[in-house]
Amino acid sequence: MSTNPERHVDVSALQDLKEIMESEFETLIDTFIADSTNKLEELAAAIAASDADALRKVAHSLKGSSSNICAGELSELARQLEFMGKEGTTSGAAAILQQLRGEFITVAAILQKNI
Amino acid sequence: MAIWSTEASSGELTIKIQGRFDFSAHQEFRDAYEKVSEEPKGYIVDMKETTYLDSSALGMLLLLRDHAGGDNSHIEIVNCNPDVKKILTISNFEQLFTIR
Amino acid sequence: MDTAPLTVASPEEPQETLRILIADDNDSDRLILQTIVRKEGHTVYTARDGQEAIDIFREQSPDIVLLDALMPNVDGFEAARTIKALAGDDLVPIIFLTSLRDATSLADCLAAGGLDFLSKPYNRIILQAKIKAFASMRRLHETVQRQRDEISLHNDRLIHEQEVAKQVFDNIAHPGCIDAPNIKYLLSPMAVFNGDLVLASRKPSGGMYVFLGDFTGHGLPAAIGAMPVSEIFYGMAQKGFSLQDILREINKKLKRILPVGVFCCACMYDLSFRKRSAEVWVGGLPDILVYRKKTRVIENLPSRHLPLGVVDNDRFKTETSVIPLDFGDKVFLWSDGIMEATNDRGEMFGEDRVRDVIASTPDADAIFSAIEAAVEKHAGRGEQDDDYTMVEVTMVNEEDMGEYFSDRGKSFLAGGPKDWSMTYELRPQTLREFNPLPLITHLLMEVPGLRPHSGKIYTILSELYSNALEHGVLGLQSDLKASADGFARYYLERTKKLSDLYAGSVKFHIDHHPVKDGGVLTIVVEDTGPGFDFKAREQASHKKEGYSGRGIPLIRTMCRSVRYLEPGNKVEVVFDWHVDV
């Protein structure tokens, strides 16, 4: 596990977001983590069922929310999955999902630390 | 359409009308004789560059005549092209204005 | 008319609270967006999918909608289309929230009715700026819409007012005899609001008047003068006033009521069937054309006068041109609309083209419609600067007018008092202070058709009355008037005696009964004087010279008979008249 949080989360942008959200920040982090956890399951299901369209939609949503939460790498991995879905394929998606799970655990840890 | 006026040292105000002389010229034409520093002794309406006039222009000339003292006014309408002259003639404006 | 001012909202209103709908299926994104927007002081409604967004929109009709493109159930594109349809004419700015990047997807957003995009991650500054921009766009749209509605309301009201005014006008300017078989005319139904006016009336003495007027300006200012013109025209024409009298009266009225600069170019045409001629007055309108049927020659009658309403009556001139006419000859009257009808090259139709059309139309009765068609072809069906108003009057044999005139003529002469008699006695106080002649003349002129004889009738009445008053009641001797000195003394004495008058009277007995196309008017004047030896006077009358005694011989030339009745204080005049002046 990497020790440099900047690679996973834009911390200064996250601080700005924290200022905007004020008391809602904790709720936001909790919501993001819960929501994303669900999405990881949905992605796994879509890949298992070779459902490229479902893969595209869920990945698209995760891409957007991770970018808003300042998690650039996570957003990028989601984008790759979305792209595959759009191309109509799920092959090779499992490997990226694996990578994405690891990234999500790291991001979630950094976020919780920043509350 | 453009209107401008010049005051001569002889005390006459010359009003020149360029282009079509119709209702759209109403305000400008009024300004030309109302916004003068001194009351002119007479008026010259120069139609050298006037291409056309309609009945509202005739009305404006009557307003000028009224402004200039009605029956005692001295107004010359000069340099009319044949079309303009014809309209003035049909209306018999030579009875009210000096048309040269 | 009250004119409500058009309201204009100021384009920039700080601190405006808007109601904003946020639809995003992603909980965390929605939470961020909602927090940012709420911090700006706006009211936020949130939806998790497209269907929820539509439902909330229906209930709350928010000002701005922020819509995620990809959502479960109903997606952003479809929601946008439904919301646009629900909003109708109102502008509801829809901003798509998207991390879509490809051009096709963005184009889809626009096609669905989105006005802009907001991409993730959200940038607070950009979001604020967009909300502000769309709020002012929305206000602008509302202003434009409100103004459009107000203008349309205004226009409706104006049209309604014009229709009412037109109705009033039509009630005054009843068609007269414009539909007579020898008249053709072209006049748009709302021409009065272009300042154009066509009037035609039969004259009690036979013949007809046609009046064509063109007021300066457009709309109500142009129409307003039409009312008094038609009222005067029809009122006086029916009473038999002359063309000159009618024009003078119209000119006087217009000069008085119209502001300087507003006037009426006009021509008036007086057609006499029996004399086979017409009298024409033109002031400020294009040349009248006379078309000779036999020779197909066209003659011009140019405008010789100032338009109506320009100068006071003391400078107003009513000289006319008299033109002899054969059966079938036609006269064309027009406003400048026909002559100035302009084609797309800016060329006016003009008299030359009119002459060409007439020359190339051998059938005289087809000329009118040929001119009409040629003008329309020349100008195209586009906008008209002025209206096309044109009248053709044909000289015909009155008998050829068929039932039109015989019926009209009958009813025309049928109106008004024709068969009556009256006695009017003037006692001293009235004799001292009142001249009864205008009143009696006025009463007599109510007899239809008698008006053209008013001059003679006035002469008769005034001669009889002064004889009765001066010689009968006041006892003045006309011998006094034999010399210039005496003449003056006579009138001095008349004044003195009249002011001292306390006894005596003059009695008029007037009787009118109609005959075919005319009538017989009998006037008897009786005074309370002793009478005079009229037989002796009649014998001597032809030798009379000097300043008096011309009255009765003059009357004799005008009447069927003048008769004194015994004992010489009573005179009877019988006056025959006929419409064929």
Side-chain angles (χ1 to χ4, degrees), chain B residues 1 3 15 17-34 43 45 49-73 75 77 80-99, chain C residues 194-196 213-219 221-222 225 251 254-255 258-267 281-288 300-312 314-319 334-337 339-340 342 346-348 350-352 385-387 389:
Chain B
M1 198 269 328
I3 291 178
I15 303 172
I17 301 136
Q18 194 181 45
R20 278 177 73 93
F21 187 15
D22 58 19
F23 192 75
S24 60
H26 181 242
Q27 195 54 48
E28 238 186 302
F29 186 72
R30 267 183 69 166
D31 288 351
Y33 61 79
E34 281 182 356
Y43 295 82
V45 180
E49 292 174 77
T50 311
T51 51
Y52 172 78
L53 70 150
D54 70 357
S55 61
S56 54
L58 297 178
M60 289 181 251
L61 290 171
L62 290 178
L63 284 168
L64 167 63
R65 187 175 179 270
D66 216 46
H67 175 85
D71 289 350
N72 301 317
S73 62
I75 302 172
I77 301 176
C80 304
N81 76 26
D83 285 343
V84 167
K85 187 132 192 174
K86 178 150 194 209
I87 291 165
L88 291 171
T89 309
I90 283 178
S91 306
N92 289 280
F93 267 39
E94 71 276 9
Q95 295 181 22
L96 303 177
F97 300 91
T98 309
I99 298 173
Chain C
N194 287 305
D196 282 7
D214 179 4
F215 283 89
T216 41
H218 282 91
N251 182 66
L254 292 184
K255 173 70 181 146
L258 295 181
V260 175
V262 180
F263 51 84
C264 181
C265 295
C267 64
W281 181 97
V282 193
L285 281 182
D287 288 10
I288 285 181
N300 284 56
L301 286 175
S303 157
R304 290 172 49 199
H305 300 283
L306 286 163
L308 296 166
V310 174
V311 287
D312 283 319
D314 53 2
R315 290 193 59 188
F316 182 69
K317 298 196 176 77
T318 55
E319 286 87 31
W334 25 50
S335 69
D336 52 14
M339 295 299 166
E340 293 182 359
T342 310
E347 298 162 355
M348 291 182 185
E351 194 191 299
D352 289 346
D385 270 1
D386 210 324
D387 237 8
T389 301

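Of all the listed residues (B/Ile90, B/Leu88, B/Asp71), the one sharing the greatest number of non-hydrogen pairs under 4.5 Å with chain C is B/Ile90. No other option in C/Gly284, C/Pro259, C/Gly195 has as many heavy-atom pairs under 4.5 Å with chain B as C/Gly284.
Looking at C/Pro302, neither its backbone nor its side chain comes within 4.5 Å of chain B, counting heavy atoms on both sides. Using a 4.5 Å cut-off between heavy atoms, B/Tyr52 contacts chain C through its side chain alone, with no backbone atom that close. If you measure heavy-atom distances from B/Leu61 to chain C, you find no contacts under 4.5 Å at all.
With values rounded to the nearest 0.5 angstrom, C/Leu306 atom CG is found 7.5 Å from C/Lys317 atom NZ.
Using the six-membered ring where Trp is involved, B/Phe21 and B/Phe29 have ring planes that are tilted, between 30° and 60° apart. Ring geometry for B/His67 against B/Tyr33 counts as tilted: the plane angle lies between 30° and 60°, on a 0 to 90° scale.
The two residues B/Asp83 and B/Thr51 have their closest heavy-atom pair at CB-O, 4.5 Å.
For the residue pair C/Ser303/B/Asn92, the side-chain donor-acceptor check at 3.5 Å is satisfied.
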